[in-house]
Amino acid sequence: MKTTPINIAEPSFDHTEIEMLQACLNSKWVTQGPMTARFEELLAATHGVTQVMACTSATSALHLSTMALGLGAGDEMIVPAFTWITSANAAEYVGAKAVFVDVDLNTFNIDPAAIEAAITPRTRAIMAVHLFGLSAPMMEINAIAKKHGLAVIEDAACAIGTTYQGRPVGGLGDLGCFSFHPRKVITTGEGGAVTTNSPELAEKVRSLRNHGGTGPPDAALEPHGPWTMGTFGMLGYNLRMSDIQAAVGVAQLAKLSMLLDDRKRTASYYCEALRDAGDIALPLAGDVTGHTYQSFVIRVKEGGRQRRNTIMAAMAAEGLQTRPGTHAVHRLGYYRDKYMLSAEAFPNAVLAEDTTITLPIVPFMKPADHERVVRTLTAAL
């Protein structure tokens, strides 16, 4: 009998998304408007920030953040070498340089000691990635940033609901960037958001995501009326979230606590069932009390990339979808060739890319599904 596949991730939808979408469509307002404002208010309350600007993706959120900080040619931004590529691209988009540093192999997050060693007179910002739903060590990162007068961008693409020392991420640095891609805990199909507690940065982000609009014309020059087109004081983009997407997001945010509890239930099962599998490293380091397990990523200790791939192939043969953790970005063609980077420059990032496996973690997995994943994995080790 053919086994039922288990995907690496799935969104969770029910009638509430349909109802919110219907309300949006009935309103006839489907571009950015009142539903987006409602979504932003809910996200602000969830992450304890005063300002939220919804946008088209986490990629656009990161780009908006580097633009709002004024990064440009001659500037450098420190980025972990093990992350999704857009964490680094956000510097390059504005003409700045992504400067890579290695990660802590136990958490897969940026190593604070490596940050300190990489700072130069050109350094302007640190990209603190909360990878897989585990907060980066923000106390150490913020201390380094304060010491050197640097901005901190939190790449919280994987970290909706994540906390660090009891505080939600997204408001711990200067700017936070979230993703609502379908592989995340909640989704709007595609979508993202910038968070901050700085009204000045928020004003810049709002302008940049809306064509560079900076307000109405000077009434002293021309009275306001139906002919008023507004002013555009900076070069901007159209990076707005639509109310259709936001309607899905409003329904999803109402389920966030339930979805996070469910992910932690699956993660707890995996950790307990695999604790005696001595050949793999489990995600047990860092501030795990605040971990939201957007991805449950293990590391194969012996045998390198070839053995990791063999294990993944065995799981695929049993209908279990897996993926490597993410990229060692400095090995990707653009960065490798532009900056002449060797793989050996950041050995932990390379080891993480070559030996990590992301296990399936979908909403409301049955005990039999948990057991099947663990049984298949341990048989392949």
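All values derive from a computational prediction rather than experimental measurement. We count residues from 1, following the sequence as given.
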Evaluate His130 against Met138 for side-chain contact (heavy atoms from CB on, under 4.5 Å), listing each step before the verdict. CA-CA 10 Å; His130 307 309; Met138 291 304 297; 3.6 Å; yes

For residues Gly171 and Asn197, report the shortest heavy-atom separation together with the two atoms involved. O-ND2, 3.6 Å

Is it the case that the side chain of Thr107 and the backbone of Gly286 share a donor-acceptor pair, with hydrogens and angles ignored and the cut-off at 3.5 Å? no

Is the closest basic N to carboxylate O distance between Glu40 and Arg206 below 4.0 Å? no

With side chains defined as the heavy atoms from C-beta onward, is the minimum distance between Leu256 and Leu253 less than 4.5 Å? yes

Output yes when a side-chain donor or acceptor of Arg331 lies under 3.5 Å from a complementary backbone atom of Glu353, and no otherwise. no

Write down the atom of Glu10, the atom of Pro363, and the distance for their closest heavy-atom approach. O-CD, 3.2 Å

Exercise: identify the closest heavy-atom pair between His47 and Gly161: NE2-N, 3.0 Å

Between Ile186 and Leu21, is there a shared hydrophobic cluster once you connect ILVMFWY residues whose side-chain heavy atoms come closer than 4.5 Å? no

May I ask you to check whether Ser135 and Asp287 show a side-chain donor-acceptor distance below 3.5 Å? no

Report yes or no: do Phe232 and Met234 belong to one cluster of Ile/Leu/Val/Met/Phe/Trp/Tyr joined by side chain heavy-atom distances under 4.5 Å? no

Under the criterion side-chain contact (heavy atoms from CB on, under 4.5 Å), I'd like the reasoning laid out for Val101 against Asp111: C-alpha separation, chi angles, the key distance, then a yes or no. CA-CA 8 Å; Val101 300; Asp111 181 352; over 6 Å; no

Rounded to the nearest 0.5 angstrom, the CZ-CG distance for Phe346 and Leu351 is 15.0 Å

Within a radius of less than 6.0 Å around CZ of Arg305, do more than 12 heavy atoms belonging to other residues, nucleotides or ligands occur? yes

Hey, are the side chains of Val329 and Ser87 touching, using non-hydrogen atoms and a 4.5 Å cut-off? no

Of all the heavy-atom pairs spanning Pro360 and Thr322, show the shortest one and how long it is. CD-CG2, 4.3 Å

Testing the 3.5 Å rule here: is there a donor-acceptor pair between the side chains of Ser207 and Thr214? no

What's the separation between atom OH in Tyr270 and atom CG in Leu377, rounded to the nearest 0.5 Å? 9.0 Å

Could you check whether any side-chain N or O of Thr376 sits under 3.5 Å from a backbone N or O of Val373, counting only pairs where one atom can act as donor and the other as acceptor? no

Arg122 backbone acceptor or donor facing Thr120 side chain under 3.5 Å: yes

Tell me yes or no: between the side chains of Asn89 and Tyr335, is some donor less than 3.5 Å from an acceptor? yes

Is there a path from Ile144 to Val79 through hydrophobic residues (I, L, V, M, F, W, Y) whose side chains come within less than 4.5 Å of each other? no

Sub-4.5 Å side-chain heavy-atom contact between Tyr339 and Lys97: yes

What about Val297 and Ile311, same hydrophobic cluster or not, with Ile/Leu/Val/Met/Phe/Trp/Tyr joined at side-chain heavy-atom distances under 4.5 Å? no

Met20 CE to His15 NE2 distance, which is reported to the nearest 0.5 Å: 12.5 Å

Distance check, rounded to the nearest 0.5 Å: Leu62 atom CG versus Phe178 atom CZ? 11.0 Å

Can you give me the closest heavy-atom contact between Ile126 and Ala145, atom names plus distance? CD1-CB, 4.2 Å

Donor-acceptor pair, Gln321 side chain versus Ile8 backbone, under 3.5 Å? yes

Are there more than 12 heavy atoms of other residues, nucleotides or ligands under 6.0 Å from atom CD of Glu302? no

Side-chain donor or acceptor of Ser57 paired with backbone N/O of Gly192 under 3.5 Å: no

Side chain to side chain, Val30 and Ser242, heavy atoms closer than 4.5 Å: no

Kindly state whether the ring of Tyr237 and the ring of His63 have centres lying under 6.0 angstrom apart. yes

With a 3.5 Å distance limit and no angle check, can you tell me whether Gln294 reaches the backbone of Lys184 through a side-chain donor-acceptor pair? no

Would a hydrophobic clustering, with Ile, Leu, Val, Met, Phe, Trp and Tyr connected at side-chain separations under 4.5 Å, put Leu332 with Leu131? yes

Just do the side-chain contact (heavy atoms from CB on, under 4.5 Å) check on Thr266 and Phe296 with the steps written out, would you? CA-CA 9 Å; Thr266 294; Phe296 189 94; over 6 Å; no

What are the two closest non-hydrogen atoms of Ser12 and Phe364, and how far apart are they? OG-CE1, 3.6 Å

So do Tyr93 and Thr59 actually touch side chain to side chain, heavy atoms under 4.5 Å? yes

Between Glu272 and Arg275, does any NZ, NE, NH1 or NH2 come within less than 4.0 Å of an OD or OE carboxylate oxygen? yes

Taking Thr358 for its side chain and Arg323 for its backbone only, find out whether a donor-acceptor pair lies under 3.5 Å. yes

Using only atom types and a distance under 3.5 Å, with no angle test, would you say the side chain of Arg299 pairs donor to acceptor with the backbone of Asn106? no

Do the side chains of Lys264 and Asp261 get close enough for a salt bridge, i.e. N-O under 4.0 angstrom? no

Verify whether one side chain among Glu17 and Gln252 offers a donor that lies under 3.5 Å from an acceptor in the other. yes

Salt-bridge test for Glu92 and Lys338: reply yes if a basic N is under 4.0 Å from a carboxylate O, no otherwise. yes

Please check: side-chain N/O of Thr66 versus main-chain N/O of Ala90, any donor-acceptor pairing under 3.5 Å? yes

Can you check whether Trp29 reaches Pro34 side chain to side chain, under 4.5 Å on heavy atoms? yes

Taking the side chain as everything from C-beta on, heavy atoms only, tell me whether Thr162 gets closer than 4.5 Å to Glu154. no

Are there over 12 heavy-atom neighbours, none belonging to Glu203, within less than 6.0 Å of that residue's CD? no

Does a side-chain heavy-atom distance below 4.5 Å link Asp279 with Arg307? yes

If the test is side-chain contact (heavy atoms from CB on, under 4.5 Å), which one of Ile110, Val103, Val350 qualifies with Phe82? Val103

Rounded to the nearest 0.5 Å, what's the gap from OG1 on Thr356 to CZ on Phe108? Could you check? 6.0 Å

Phe180 and Ile160: side-chain contact (heavy atoms from CB on, under 4.5 Å), yes or no, with the steps? CA-CA 9 Å; Phe180 306 110; Ile160 184 77; 4.3 Å; yes

